[in-house]
Amino acid sequence: MDNAGLARVFSDIGDLLEIKGANPFKIRAYRNAADIIGHMAERVADLTEADVRGIPGIGKDLAAKIRELVDTGELVYFDALRQEFPASILDMLRLQGVGPKTVGLLYAELGIETLDELEAAASDGRLRQLKGMGAKKEQLLLRSLAEHRSRVGRHLVGRADAIATRLTEYLRMEAPEATIFPVGSLRRGRETCGDIDLLAVNATDALMPHFTRFPDVERILGQGPTKSSVLLRGGVQVDLRVVAAESAGAAAQYFTGSKAHNIAVRDIALQRGLKLNAYGLFRVADGEYVAGAAESDVYEALGLAYVPPELREHRGEIAAAATRNLPHLVERSDLRGDLHSHTTATDGKADVETMATAARDAGLEYLAITDHSQALAMANGLDERRALAHATHIREVNSRLEGITLFAGIECDIRADGTLDLADDCLAELDLVVASVHSAFGQGEQEMTDRLLRAIESPFVDIIGHPTGRLLLRRDPYALNLERVLDAAARCGVAMEINSQIHRLDLSDSHARLARDRGVKLVISTDAHAPAAFELLRWGVTVARRAWLEPGDVLNTLGAEDLRASLRRHRVTG
DNA sequence: GCCGTTTTCGGCCCGACTGTTTTCAGTCG
């Protein structure tokens, strides 16, 4: 069992214990363990007993449960808990505004086990019989249900990628000579994927049966010589297609999509008397094969420059490819630093030095430590005194570390009225300020827009963190007039963040493109809470590429001193 | 359930917001 699997079990145990009303500190211990394991770089399954015991937060009991899960794939304690409640009950916890108490109450009083039953009870007024349930709660529930339904069946790109990577490694064991890679929305880097499409070139007949024997397969949806589909445990569907070498490029192009992009490309083919399908590019007149072994051959044969997969959304890329005006998209290797990270001073998992060396090992030249401000009490946010002491500590660590430059910053809360959570004279002492919204998400558009405008007007704000507050598959962005916010940011020289956390990716690709078009600079940051998180930069880069961004649009492609000089605080003239 | 130079018990980050209360419970981060 991998780390994600272990983390999921402990997280589910935490949820079930909470519904049960167990000791909150016991619940926290399970959640904490899930969090730690989920963030670890090493495979816990490969560690020795002593190493597992050495992980802070893992004691005798949890170590034994990890051992049982690794050895048997099951956990008696977990199974017993699941006997007490139907499995579907956990789905209700995913609803916005529904917590464990409500789930427990609904199950105990009305016997509600599923989302469908909850919807029926909310619709026919039964919910209102319950203590603490009124008309507004009923409306909230119905809205949450509708939002949830629109997300069902989609998966975060980072999770889909992890599954695709594991599956590809498994397939290569059977077919080491084959080329196997993801296509579809995963290859285009969309923020969520409905399913995973894999393409195999030069594979033997043994590959398909090997695919359907993958240990995580729950159900085989279809199996044939060139295409098979399986449903994995956890609900992800994976399709594998096997194609001949002379069709590899055409198949990759065809299955990568998007649909709109492909329709437009095929239209260009027809205009040239050519026909494009998954097997190749052919002359209509005599059926003669023109191209198909490589994607670039297909595009070139149509008079188009090779279009990077991230741009294939029919948002102007075909015209740009035809006129050789495609952007030189930013790449991970262009990024020289990260401007948003946390440490154990607030809710991070590692100290300043550990985070700094991890950033250096990830190839970065600089890192801004931006712990939370006091309003985020739950995260042990810093008040002015602690923020300044922390800055002193960061600068002390910086002075003795080689190969990485640290910026002493803060992620300062933007309060509900748009004022900042720390006093100006404190913010002025820091190297960099990321300002973010973490509260009062329910404000109306006018109020929220004014709130952000007020923050942007502050001369001490350099960057707006995760600007729309969305959580993919969980929470919609808050109401916001983004155009007004972007125009203010452009005027004040405030940069907008592309947050690389896979459940945020905020700004989104289309918003980041809008920001660039409005004259706003972007930064690509990890919001790292653990050393392994610097790997997440690739997802921020994917968003930036989908936004058509070039290195010059992204501030942290600059070296440390150029970046420092380009921050708003050093450019403000008044 | 974890943790410990205050060490085997008794602590363990809590404030804002909402909707439902008539003094608070639940959710969120």
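Naming: A, B, ... by sequence-line order, numbering from 1 per chain.
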note: A:Leu141, atom CG; B:dT27, atom P; distance rounded to Å ~ 10 Å

Taken to the nearest whole Å, NZ/A:Lys137 to C1'/B:dT21 is 13 Å

From CG of A:Asp383 across to P of B:dC13 the rounded distance in Å is 17 Å

Q.
Looking at A:Phe85, I'd like to know if the NZ or CZ of A:Lys20 sits under 6.0 Å from its six-membered ring centre while staying within 45 degrees of the ring's axis.
A. no

ask   = Between the base of B:dG29 and the side chain of A:Asp347, is there any donor-acceptor pair under 3.5 Å?
value = no

Winner on side-chain proximity to A:Lys136, out of B:dC12, B:dG19, B:dG15, is B:dG19

Is it true that A:Ser185 and A:Arg190 share a donor-acceptor pair across their side chains at a distance under 3.5 Å?
no

Just to be sure I understand the rule, does A:Lys131 reach a base, reach only the sugar-phosphate, or reach nothing, if contact means heavy atoms closer than 4.0 Å?
nothing

Rounded to whole Å, the CG-C1' distance (A:Leu140 to B:dT20) equals 13 Å

Only residue of A:Asp371, A:Thr370, A:Asp351 satisfying side chain to side chain donor-acceptor pair (under 3.5 Å) with A:Thr343 is A:Asp371

Practice item. Using the P atom on both, measure B:dT21 against B:dG26 and round to a whole Å. Key: 13 Å

- Query: How far, in whole Å, is B:dC28 from B:dT20 if one measures between their P atoms?
  - Reply: 15 Å

Among B:dC17, B:dG1, B:dG29, the one nearest any side-chain atom of A:Phe25 is B:dG1

Value for CG (A:Leu453) from OG (A:Ser458), rounded to nearest 0.5 Å, stands at 13.0 Å

query: Taking atom C1' in both B:dT8 and B:dG1, what distance in whole Å separates the two?
result: 14 Å

Regarding the side chain of A:Arg28, the nearest nucleotide among B:dG1, B:dG26, B:dC13 is B:dC13

note: A:Leu130, atom CG; B:dA25, atom C1'; distance rounded to Å ~ 14 Å

Q | Inter-nucleotide P distance (B:dA16, B:dG10), Å rounded | A | 32 Å

Winner on side-chain proximity to A:Ala29, out of B:dG1, B:dT20, B:dG26, is B:dG1

Assert: residue with more 5' nearest nucleotide on DNA chain B, out of A:Leu62 and A:Gly134, is A:Leu62

Partner of B:dT8 under the Watson-Crick or G-U wobble criteria, both distances under 3.5 Å, comes out as none

Among the nucleotides B:dT27, B:dG1, B:dG29, whichever has the atom closest to the side chain of A:Lys26 is B:dG1

Query raised in the report: Hey, what's the ring geometry for A:Tyr478 with A:Phe441, parallel, tilted or perpendicular (30° and 60° as the breaks)?
Result: parallel

B:dC13 and B:dG29, which share atom name C1', separated by this distance in whole Å: 12 Å

When rounded to whole Å, the CD to C1' distance for the pair A:Glu109 and B:dG26 reads 16 Å

Handout entry: Gap in Å between the two C1' atoms, one belonging to B:dC14 and one to B:dC9, rounded
Key = 24 Å

Within the structure shown, what part of the strands sits under 4.0 Å from A:Asp61 by heavy-atom distance: base, sugar-phosphate, or nothing?
sugar-phosphate

*A:Glu411-A:His466 side chain donor-acceptor pair, cut-off 3.5 Å*: yes

- Query: If you measure from the C1' atom in B:dG19 to the same atom in B:dG11, how many Å do you get, rounded?
  - Reply: 33 Å

When rounded to whole Å, the CD to P distance for the pair A:Gln139 and B:dT20 reads 11 Å

Original post:
Using a cut-off of 4.0 Å on non-hydrogen atoms, how would the nucleic acid contact of A:Ala63 be classed: base, sugar-phosphate, or nothing?
Top reply: nothing

Comparing A:Pro100 with A:Lys65, nearest DNA chain B nucleotide closer to 5' gives the residue A:Lys65

Per atom distances to the A:Tyr77 side chain, the nearest of B:dG26, B:dG29, B:dG1 is B:dG1

From CZ of A:Arg386 across to P of B:dC13 the rounded distance in Å is 12 Å

Q. So, for A:His529 and A:His340, is the gap between ring centers shorter than 6.0 Å?
A. no

Applying a 4.0 Å non-hydrogen cut-off, can you work out what A:Thr346 is touching in the nucleic acid: base, sugar-phosphate, or nothing? nothing

